[in-house]
Q: 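Quick one: the structure is below, and I'll ask about it shortly.
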Amino acid sequence: MTRLTSAAGGAVRGPVRGAVTALAVLLALTTASATARADTGPKAPADFVALRTVDWTILQEIRYFAPHNFVGERVDGYRAPLCILTRPAAEALHKAQTKLLRQGYTLKVYDCYRPQSAVNHFVRWAEDLADQTMKGEFYPNVDKTRLFEDGYIAGRSGHSRGSTLDVTLVALPARPTRPYVPGEPLVPCFAPQQQRFPDNSVDMGTGYDCFDTLSHTLDPRIQGEQRANRLRLKSTLEEQGFVNLAEEWWHYTFEPEPHPDTYFDFPVSAKSLTGTPEPPPHDARP
């Protein structure tokens with residue numbers, strides 16, 4: 001999701017809420033970084049790569065390319081179900097994957113580079129209070145009027161800088177996950193794993209993009225196998241230079257970032273990259 005420090009300070013009541021929310025978004029856009037700049041070019045810089053060209057064994061389930069996400073539809077800017085990262089981030093992820101494969105696990109990415117157009121889509125969705133299509137799964141306990149104030153949605157995302165990804169663990173051999181059918185009954189993202197929408201990942205205590213404090217990586221209510229799974233992912237990635245966002249067990253940023261002050265807006269597509277070779281045959285993957 002697009003989590004950054006919220007520009008709004010507290011709860012807002014009454015008819016001024018809409019104006020205050022709009023102001024908060026504007027402030028988030030203009031004050032995210034004193035030196036931040038936007039790059040709206042159609043092509044990625046030369047140091048951006050398709051993850052599959054660095055490590056084809058890492059599974060990819062790019063949620064914003066399909067409708068099973070908190071918006072409920074494909075998100076703007078996603079023209080392919082493709083993980084794109086800066087090369088240093090991709091190579092560090094490959095090192096983590098090498099270690100995990102020996103332990104009987106594989107990484108699976110839900111999102112990698114995210115164009116600014118996608119973040120703008122999230123903002124428009126959050127401002128449309130009538131759209132509650134996916135509330136039953138992704139934010140059952142959060143009033144949509146508070147998404148900006150509580151930090152779940154913001155006008156900028158570290159994903160747009162190219163070194164942030166959303167990731168989980170899958171035990172090998174990986175089982176296929178059935179496709180989501182729009183309109184099917186929704187189950188809260190913090191329900192027991194056997195009740196939630198099927199995901200071939202290990203049990204992390206909540207589903208991906210769960211707008212709830214249970215998603216905080218070290219939430220004390222998450223114990224046993226669920227906590228062990230979170231810590232396995234965390235320790236493995238931290239060894240390779242990734243930093244976890246404390247509010248989201250799935251969110252990691254490689255540091256130092258090659259582009260710490262630039263928010264890119266090229267589409268998620270192989271055509272945005274230079275010289276992306278074809279991936280290995282599907283049956284060669286874990």
Side-chain angles (χ1 to χ4, degrees), residues 1-4 6 59-75 78 107-112 114 118 121-122 125-126 128-129 131-154 157 159 164-171 175-234 244-252:
M1 70 182 70
T2 308
R3 178 183 287 275
L4 287 178
S6 175
L59 303 179
Q60 299 188 32
E61 185 184 325
I62 307 302
R63 286 287 187 90
Y64 301 138
F65 179 75
H68 188 218
N69 58 63
F70 61 86
V71 176
E73 61 183 2
R74 183 187 296 185
V75 176
Y78 286 83
L107 293 166
K108 180 173 77 170
V109 292
Y110 292 116
D111 193 37
C112 299
R114 181 185 306 163
H121 190 165
F122 293 166
W125 167 82
D128 182 3
L129 301 183
D131 184 351
Q132 304 276 340
T133 303
M134 304 300 288
K135 179 178 176 62
E137 179 173 353
F138 292 96
Y139 55 106
N141 290 340
V142 178
D143 191 312
K144 197 174 180 182
T145 61
R146 294 194 56 84
L147 292 181
F148 292 104
E149 299 169 54
D150 292 348
Y152 291 110
I153 300 293
S157 170
H159 283 270
T164 295
L165 66 152
D166 296 337
V167 61
T168 190
L169 291 175
V170 176
R175 298 173 290 104
T177 299
R178 73 167 178 84
Y180 166 75
V181 179
E184 68 177 272
L186 301 177
V187 176
C189 52
F190 45 74
Q193 186 184 39
Q194 63 270 23
Q195 298 176 21
R196 301 194 301 262
F197 181 83
D199 189 323
N200 62 358
S201 68
V202 300
D203 188 2
M204 293 290 191
T206 76
Y208 168 59
D209 259 357
C210 187
F211 291 20
D212 195 274
T213 55
L214 283 169
S215 293
H216 293 190
T217 306
L218 300 179
D219 188 289
R221 294 168 292 178
I222 302 298
Q223 294 294 326
E225 181 182 355
Q226 297 170 339
R227 188 176 186 86
N229 289 334
R230 291 187 183 191
L231 293 179
R232 182 188 297 272
L233 178 64
K234 185 173 186 288
N244 175 238
L245 179 66
E247 292 81 8
E248 297 176 355
W249 59 257
W250 55 82
H251 181 120
Y252 286 85

Q: Which residue is it: Asp166, Thr177, Thr168, Asn200? I am looking for the one with a side chain to side chain donor-acceptor pair (under 3.5 Å) to Lys108.
A: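 Passing option: Asn200.
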Q: Do Arg114 and Thr164 have side-chain atoms, one donor and one acceptor, less than 3.5 Å apart?
A: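 No, no side-chain donor-acceptor pair sits under 3.5 Å.
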Q: Rounded to the nearest 0.5 Å, what separates atom CE in Met204 from atom OG1 in Thr217?
A: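 Met204 atom CE to Thr217 atom OG1 measures 9.5 Å (nearest 0.5 Å).
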Q: Could you check Gln226 against Val202 for side-chain contact (heavy atoms from CB on, under 4.5 Å), going step by step and ending with a plain yes or no?
A: CA-CA 8 Å; Gln226 297 170 339; Val202 300; over 6 Å; no
Q: For Phe138 versus Pro140, what's the shortest heavy-atom pair and its separation?
A: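 Result for this residue pair: C-CD, 3.5 Å.
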Q: With the side chain counted from C-beta on, respond yes when Val170 and Leu59 share a heavy-atom pair under 4.5 Å apart, and no when they do not.
A: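 Side-chain contact under 4.5 Å: yes.
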Q: Go through the steps for Leu147 and Val142 under the test side-chain contact (heavy atoms from CB on, under 4.5 Å), then give the verdict.
A: CA-CA 8 Å; Leu147 292 181; Val142 178; 3.9 Å; yes
Q: Using the side-chain contact (heavy atoms from CB on, under 4.5 Å) rule, take Tyr110 and Asp209 through it: C-alpha gap first, then chi angles, then the decisive distance, then the call.
A: CA-CA 10 Å; Tyr110 292 116; Asp209 259 357; over 6 Å; no
Q: Can you see which heavy atom on Trp250 is nearest to which on Thr206, and at what distance?
A: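 In this case the closest contact between Trp250 and Thr206 is CZ3-OG1, 4.2 Å.
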Q: Looking at every heavy atom in both Ile222 and Gly205, which two are closest together, and how far apart are they?
A: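 So the minimum-distance heavy-atom pair works out to CD1-CA, 4.2 Å.
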Q: Can you name the residues that form a salt bridge (Lys or Arg N to Asp or Glu O under 4.0 Å) with Lys234, not counting sequence neighbours?
A: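 With neighbours one apart ignored, the set is Glu238.
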Q: Between Glu61 and His68, is there a side-chain donor-acceptor contact under 3.5 Å, judged purely by atom types and distance?
A: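 Per modelled atom types, His68 and Glu61 side chains form no pair under 3.5 Å.
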Q: Within the side chain of Arg74, is there an N or O that forms a donor-acceptor pair under 3.5 Å with the backbone of Phe65?
A: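 Indeed, once roles are kept as given, a pair shorter than 3.5 Å links the two residues.
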Q: Would you say the side-chain atoms of Tyr208 and Asp199 include a donor-acceptor pair closer than 3.5 Å?
A: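 Absent: no donor and acceptor within the cut-off.
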Q: Could you state the interatomic distance from CD1 (Ile62) to CG (Asn69), rounded to the nearest 0.5 Å?
A: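 Here the interatomic distance stands at 12.0 Å.
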Q: Are Tyr64 and Trp125 close enough that their ring centers fall under 6.0 Å?
A: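 Between Trp125 and Tyr64, which both carry aromatic rings, the centre distance is not below 6.0 Å.
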Q: Is the ring pair Phe211/Tyr152 parallel, tilted or perpendicular, if the boundaries are 30 and 60 degrees?
A: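 The arrangement is parallel - the two ring planes meet at less than 30°.
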Q: For Asn244 and His251, indicate whether the former's side chain and the latter's backbone hold a donor-acceptor pair under 3.5 Å.
A: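 Here the side-chain-to-backbone pair exists.
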Q: Could you point out which residue of His216, Arg221, Gln223 forms a side chain to side chain donor-acceptor pair (under 3.5 Å) with Asp219?
A: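 Going through His216, Arg221, Gln223 one by one, the side chain to side chain donor-acceptor pair (under 3.5 Å) with Asp219 is satisfied by Arg221 alone.
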Q: Hey, are the side chains of Tyr139 and Asp150 touching, using non-hydrogen atoms and a 4.5 Å cut-off?
A: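 Result no, sub-4.5 Å side-chain heavy-atom pair not found.
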Q: Looking only at heavy atoms, which two atoms of Val167 and Tyr252 are closest? And how far apart?
A: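 That closest heavy-atom pairing would be CG1-CD1, 3.8 Å.
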Q: Has the side chain of Ser215 got a donor or acceptor atom that lies under 3.5 Å from a matching backbone atom of Cys210?
A: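 Confirmed, Ser215 side chain pairs with Cys210 backbone.
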Q: Would you please test Glu184 and Glu137 for side-chain contact (heavy atoms from CB on, under 4.5 Å) and show each step?
A: CA-CA 11 Å; Glu184 68 177 272; Glu137 179 173 353; over 6 Å; no
Q: Side chains of residues 186-197: which donor-acceptor partners sit under 3.5 Å, not counting sequence neighbours?
A:
residue, atom, partner, partner atom, Å
Gln193, NE2, Ser201, O, 3.2
Arg196, NH1, Ala191, O, 2.7
Arg196, NH2, Asp203, OD1, 3.3

Q: Could you tell me whether Gln132 atom CD has more than 12 heavy atoms of other residues or ligands within 6.0 Å of it?
A: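 Atom CD in Gln132 is packed in, count exceeds 12.
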Q: So, the side chain of Lys144 versus the backbone of Asp131: is there a donor-acceptor pair under 3.5 Å, distance only?
A: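 Yes, because the side chain of Lys144 sits within donor-acceptor range (under 3.5 Å) of the backbone of Asp131.
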Q: Is there a side-chain contact between Leu218 and Arg230 (heavy atoms, below 4.5 Å)?
A: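 Of all side-chain heavy-atom pairs linking Arg230 with Leu218, none is under 4.5 Å.
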